[in-house]
Amino acid sequence: MHDGSGRIVVQGLTKQFGPVTAVNNLSFTVEPGSVTGFLGPNGAGKTTTLRMLLGLVTPTAGGSTICGLPFAQLGNPGRVVGAVLEAQGFHPGRSARNHLRVYAAAMGVPDQRADEVLHLVGLGQAANRSAGAFSLGMKQRLALATALLGDPQVLVLDEPANGLDPEGIVWLRAFLQSFARSGRTVLISSHLLGEVEQMVDQVVIISRGQTAYYGPLETLRASQQSRVLVQPADPQALVAKLQESGIGSIEWTQDGRLAISGVDRKEVADLAMSSGIALYDIQQEVIDLEQLFFRLTSGQYSGAPVPSPTGYPPQPPGPSPWQPGNGWGGQG
Ligand SMILES: Nc1ncnc2c1ncn2[C@@H]1O[C@H](COP(=O)(O)OP(=O)(O)OP(=O)(O)O)[C@@H](O)[C@H]1O
């Protein structure tokens, strides 16, 4: 019997395809009640990890659990975890409703659940239309509806924003956040941080099959020291005043402004005013998460070091479920 927690634990997960190490000793925990983004560039090992989590690929080492159990031991897994791994091929002549009824029967849920999940994903009006003729965005919604059939506690979605128009992305964000707010677990992968930035609370960023960052998105943002960018009438005078008062560290930007770290805008403005130095422009630098993401994952290609923010390396909570005979490496 699973523990009903909705927690996903990945511990020491490794997958070797011949000479290729697709996933390398990967560990992280996904807690219920939040949307977690599983991010990394193309080829980082995201799909392989999700396939191992869902019992479709046998790990070379390590393992994973959902609600405390390896996938293979979940019993009726569709009732615990709903998954969308790729925009599925749908039977060309089958309506959306009938597609769902086939899956509902296989899972042992009543036919009427097909209509419920169609409404949940906004396809209520398209129930009788042929799923094979759906647009990519509608197929994504239908795949999500299929994953929701068993009213699962955990959702695992591989690149769910792919193919959605801006309205679809806004809808998906609201849907996943409300799903998570009901105490359930959402894990979504993407190779673009910007695409899921507004949807996720936590992130697991991987590069070359290894964890580059694991923790709240906010902590990642805050780990980047922001700078005050200022254009003074007399830069030398402001530099002298800043150095005199020991405020921040100062650099010149390429466009000739002063960039001051370790201060807020008000401190710089107050100092300039009390020193009689006019400022033509002053602003707090906005941290570009996309740039940060590239920096974190560029090691995939260049071997660059990555920072270790708080919360890393991750530890699975509570007693280790990784005991001999607990399903390790046997599923797949
Ligand atoms: N069945 C397989 N046989 C051999 N190599 C594989 C296999 N599946 C994946 N790989 C390799 O493992 C690495 C990780 O691939 P994976 O598909 O997990 O990455 P990904 O992060 O999901 O990438 P993408 O964003 O492009 O989908 C890649 O180098 C890929 O070529």
Side-chain angles (χ1 to χ4, degrees), residues 8-30 35-64 66 70-72 81-89 136-137 139-140 143-144 147 154-164 168-169 172 176 186-197 199-200 202-214 217 220 289-304 306 312 314 329-332:
I8 297 172
V9 179
V10 167
Q11 176 69 21
L13 205 56
T14 299
K15 182 65 189 181
Q16 197 82 34
F17 290 111
V20 177
T21 305
V23 177
N24 188 4
N25 196 21
L26 189 65
S27 300
F28 61 88
T29 303
V30 182
V35 180
T36 298
F38 186 43
L39 305 164
N42 291 132
K46 303 179 298 293
T47 302
T48 304
T49 301
L50 297 184
R51 292 177 72 82
M52 287 192 278
L53 180 64
L54 298 165
L56 298 167
V57 165
T58 305
T60 307
S64 55
I66 300 172
F71 184 88
V81 52
V84 180
L85 282 193
E86 55 210 31
Q88 300 159 355
L136 182 56
K139 283 181 176 160
Q140 289 277 40
L144 178 58
V154 178
L155 266 183
V156 175
L157 311 176
D158 197 9
E159 304 268 356
N162 201 6
L164 291 184
I169 291 190
L172 182 67
L176 294 180
V186 181
L187 179 64
I188 57 173
S189 80
S190 178
H191 61 281
L192 295 171
L193 173 57
E195 191 176 69
V196 296
E197 187 187 336
M199 291 184 201
V200 302
Q202 312 281 328
V203 284
V204 177
I205 298 180
I206 65 168
S207 173
R208 288 194 295 194
Q210 290 187 298
T211 315
Y213 174 82
Y214 160 61
L217 190 55
L220 180 63
L289 264 183
E290 203 64 42
Q291 277 176 359
L292 182 57
F293 178 60
F294 283 137
R295 208 183 307 163
L296 277 166
T297 57
S298 62
Q300 172 151 345
Y301 305 107
S302 68
V306 293
Y312 177 72
Q331 70 273 41

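For ligands, and for the atoms within them, numbers begin at 1 and follow the listed sequence. If you read the sequence from its start, that first residue is 1, and numbering goes on from there.
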- Query: Would you say Gly40 has any N or O atom under 3.5 Å from an N or O of ligand 1, going by distance alone?
  - Reply: no
- Looking only at distances, please establish whether an N/O atom of ligand 1 is found under 3.5 Å from an N/O atom of Thr49. no
- Should Ala44 be counted as touching ligand 1, given the test is an N or O pair under 3.5 Å? yes
- Under a 4.5 Å cut-off applied to non-hydrogen side-chain atoms, are Arg208 and Asn24 in contact? no
- Leu155 side chain near Leu144 side chain, heavy-atom distance below 4.5 Å: yes
- Query: Which residue and non-hydrogen atom of the protein lie closest to atom 8 (N) of ligand 1, and at what distance in Å?
  - Reply: Phe17 CE1, 3.4 Å
- Item | Beyond-backbone contact of Leu220 with Ile205, side-chain heavy atoms, under 4.5 angstrom | yes
- Item | Met52 side chain near Thr48 side chain, heavy-atom distance below 4.5 Å | yes
- Of all protein heavy atoms, the one nearest atom 19 (O) of ligand 1 is Gly45 N, 3.1 Å
- Taking side chain as C-beta onward, heavy atoms only, is Val204 less than 4.5 Å from Val10? no
- Under-4.0 Å heavy-atom contact between protein and atom 30 (C) of ligand 1: no
- What residue and heavy atom of the protein are closest to atom 26 (O) of ligand 1, and at what distance? Asn42 ND2, 3.1 Å
- Note on the structure: atom 12 (O) of ligand 1 sits nearest the protein heavy atom Ala22 CB, 3.2 Å
- Return the residue, atom name and 0.1 Å-rounded distance of the protein heavy atom closest to atom 27 (O) of ligand 1. Thr47 OG1, 3.7 Å
- Answer side chain, backbone, both or neither: which part of Pro41 comes under 4.0 Å from ligand 1, heavy atoms only. backbone
- Query: Out of Val20, Asp158, Val23, who gets a non-hydrogen atom closest to atom 11 (C) of ligand 1?
  - Reply: Val20
- Would you say Gly43 contacts ligand 1, with heavy atoms under 4.0 Å as the rule? yes
- Item | atom 24 (P) of ligand 1 touched by protein (heavy atom, under 4.0 Å) | yes
- Sub-3.5 Å N/O-N/O distance, His191 and ligand 1: no
- For Thr48, take its heavy atoms, then give the atoms of ligand 1 lying under 4.0 Å from any of them. 9 (C), 15 (O), 16 (P), 18 (O)
- Item | Under the side chain to side chain donor-acceptor pair (under 3.5 Å) test, residues paired with Thr36 that sit two or more places apart | none
- Message: Are Phe38 and Ile206 packed together at the side-chain level, in the sense that at least one heavy-atom pair is separated by less than 4.5 angstrom?
- Response: yes
